There are 2 protein chains.
Amino acid sequence: MENERAQAHSDSRERILDQAKVLFALHGYRGLSMREIAEAVGISKAGIYYHFRDKEDLFTAIVHRYLDDLARLIDTAQQAHAAVRTQVEEIVGAILRQPAGDRALVRLAGQEMAHLSEGARSRFEAAYEEQFIGRLRDVIAAGMARGELRALNPETAAWALLGMMYPYFTPAGEEGYPPEAVIADLLRIYFDGLSAAGRPHAP
Amino acid sequence: MENERAQAHSDSRERILDQAKVLFALHGYRGLSMREIAEAVGISKAGIYYHFRDKEDLFTAIVHRYLDDLARLIDTAQQAHAAVRTQVEEIVGAILRQPAGDRALVRLAGQEMAHLSEGARSRFEAAYEEQFIGRLRDVIAAGMARGELRALNPETAAWALLGMMYPYFTPAGEEGYPPEAVIADLLRIYFDGLSAAGRPHAP
DNA sequence: CCTACCGATCGGTAGG
DNA sequence: CCTACCGATCGGTAGG
């Protein structure tokens with residue numbers, strides 16, 4: 001989705017973004033040096049600094065590009081005007097079926113941003129809220145308003161959904177994604193709960 | 001729970017473990033230098049190396065000490081022989097009511113261990129399975145066997161529960177913990193699901 | 001974009 | 001021989 005566009009003014013810039021994305025997901029922000037990125041891309045370290053002001057600038061470019069993808073993904077699911085459960089199933093499925101190196105960015109962004117500069121962090125938090133967790137929360141809140149979901153705190157419900165996907169945000173499995181049975185179980189728990197059917201608790 | 005025991009043969013060792021625990025949770029493994037730990041404890045950097053072989057040895061000591069706490073926590077909840085929902089509520093409540101610097105170790109351990117040596121990583125993974133996620137899975141599997149829970153994959157169910165707590169494993173709020181209303185909502189979703197009551201999906 | 005470097009700081013260790 | 005460190009510095013590497 002990100003690397004299909006025709007090479008704009010710079011092909012190197014895109015190659016740096018793609019390579020660094022995978023490497024950051026594998027090693028973290030502090031665990032990856034600019035030298036290692038340069039070697040992976042096949043240019044000099046200074047070559048990276050031609051395209052990006054500093055390490056933080058490169059990292060935030062990767063993260064914000066990915067937030068754009070997530071925002072589009074949620075909007076696409078929402079435009080169907082289907083039941084909220086169908087919308088959420090589409091969102092969860094689309095995220096968990098991304099390449100592991102991509103979806104690992106969700107984890108990476110949240111955990112490494114705390115170590116960056118004040119400005120980069122506040123810009124990220126605003127974009128994360130506006131493009132990702134806020135849109136997810138709005139989908140859920142709309143389902144509550146329509147009476148399709150319990151009227152719990154939509155913010156808590158959105159974080160719970162994201163959290164359930166967290167164990168699968170590791171860059172480990174490389175290009176693999178969790179089995180469909182796992183995705184189905186997660187959605188079953190989120191919407192129907194783990195308690196045995198017919199034995200509701202505190203109705 | 002960890003620092004109440006009488007000072008054994010070394011008070012310094014315990015002070016290093018306690019200080020480094022908080023700092024690692026805040027800055028990550030690579031983001032924290034031995035010099036910074038030493039300054040926080042009030043000893044020299046070489047003083048740390050007297051007690052711990054290297055940085056990795058210190059980090060794994062912290063993590064394994066915390067896994068001991070988690071194992072005890074789960075065992076305590078299990079000994080009550082109550083309904084599985086009561087047991088899980090006790091476990092979730094106990095973890096989320098720990099100081100933020102403590103429960104942030106769950107997140108930290110899982111994400112930073114990938115960057116350590118092969119030996120340390122395999123020892124951690126074995127301990128994590130045996131003392132934490134395995135015990136959690138066993139509690140849930142027992143509930144399924146007793147017919148109190150749906151017969152889904154207990155491994156997936158255990159990771160889903162842990163994942164729902166993940167957003168609250170940040171060291172941000174310092175000593176605060178999530179409001180009781182959030183904990184209640186999480187447990188409601190996990191056991192009863194988010195779908196509106198009386199409208200079960202695919203029974 | 002490259003070669004050639006810098007100020008500083010990294011994890012770890014020497015002798016005492 | 002032990003413990004519990006200190007002041008200084010090691011070889012390498014970080015971001016820029």
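To find a chain, count down the sequence lines: A is the first, B the second, and so on, and within it residues start at 1. None of these values were measured; they are calculated from a predicted model.
- In this structure, H51(B) atom NE2 and dT3(D) atom C1' are separated by 9 Å, rounded to whole Å.
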Please list, pair by pair, any protein nitrogen or oxygen found under 3.5 Å from a nitrogen or oxygen in nucleotides 8-10 of chain C.
residue: dC10(C); atom: OP1; partner: R35(B); partner atom: NH2; Å: 3.4
residue: dC10(C); atom: OP2; partner: R35(B); partner atom: NE; Å: 3.0
residue: dC10(C); atom: OP2; partner: R35(B); partner atom: NH2; Å: 3.3

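- When rounded to the nearest whole Å, the span between CG of D54(B) and P of dT13(C) equals 8 Å.
- Between the CD1 atom of I43(B) and the OH atom of Y50(B) there is a distance of 11.5 Å, given to the nearest 0.5 Å.
- Looking at the side chain of A46(A), the nearest of the listed nucleotides dC5(D), dC6(D), dC2(C) is dC2(C).
- Between Y50(B) atom OH and dG15(C) atom C1' there is a gap of 17 Å when expressed in whole angstrom units.
- Straight-line distance from the CG atom of D57(A) to the P atom of dG15(D): 14 Å, rounded to whole Å.
- The same atom, C1', is picked in dC10(C) and in dC10(D); the two are 12 Å apart, to the nearest Å.
- Following rounding to the nearest Å, F59(A) (CZ) and dG15(D) (P) show an atom-to-atom distance of 13 Å.
- Within the 4.0 angstrom heavy-atom criterion, only backbone atoms of the sugar-phosphate kind lie near I43(B); the bases stay farther away.
- Atom CD1 of residue I189(B) and atom CG of residue D192(A) lie 12.5 Å apart, to the nearest 0.5 angstrom.
- Using atom P as the reference point in both dA8(C) and dG12(D), the two lie 22 Å apart (nearest Å).
- Under 4.0 angstrom from either OP1 or OP2 of dC5(D) there lies at least one side-chain N or O belonging to S12(B).
- Distance from the side chain of Y49(B) is smallest to dG11(C) among dA4(D), dC1(C), dG11(C).
- Rounded to the nearest 0.5 angstrom, Q78(A) CD and E90(A) CD are separated by 10.5 Å.
- The distance from the CE atom of M34(A) to the CG atom of L58(A) is 5.5 Å, given to the nearest 0.5 Å.
- Separation of atoms CG (L23(B)) and CD (E39(B)) is listed at 10.5 Å; rounding is to 0.5 Å.
- Atom-to-atom, NE2 of H115(A) to C1' of dG15(D) comes out at 18 Å; the value is rounded to the nearest Å.
- Cation-pi contact between K55(B) and Y29(B): present, with separation from the ring centre below 6.0 Å and deviation from the ring axis of at most 45°.
- Within the model, atoms OH of Y168(A) and CD1 of I183(A) stand 9.5 Å from one another, a figure rounded to the nearest 0.5 Å.
- Protein atom CD of E39(A) is 12 Å distant from nucleotide atom C1' of dT13(D), rounded to whole Å.
- When rounded to the nearest whole Å, the span between CD of E56(A) and C1' of dG16(D) equals 14 Å.
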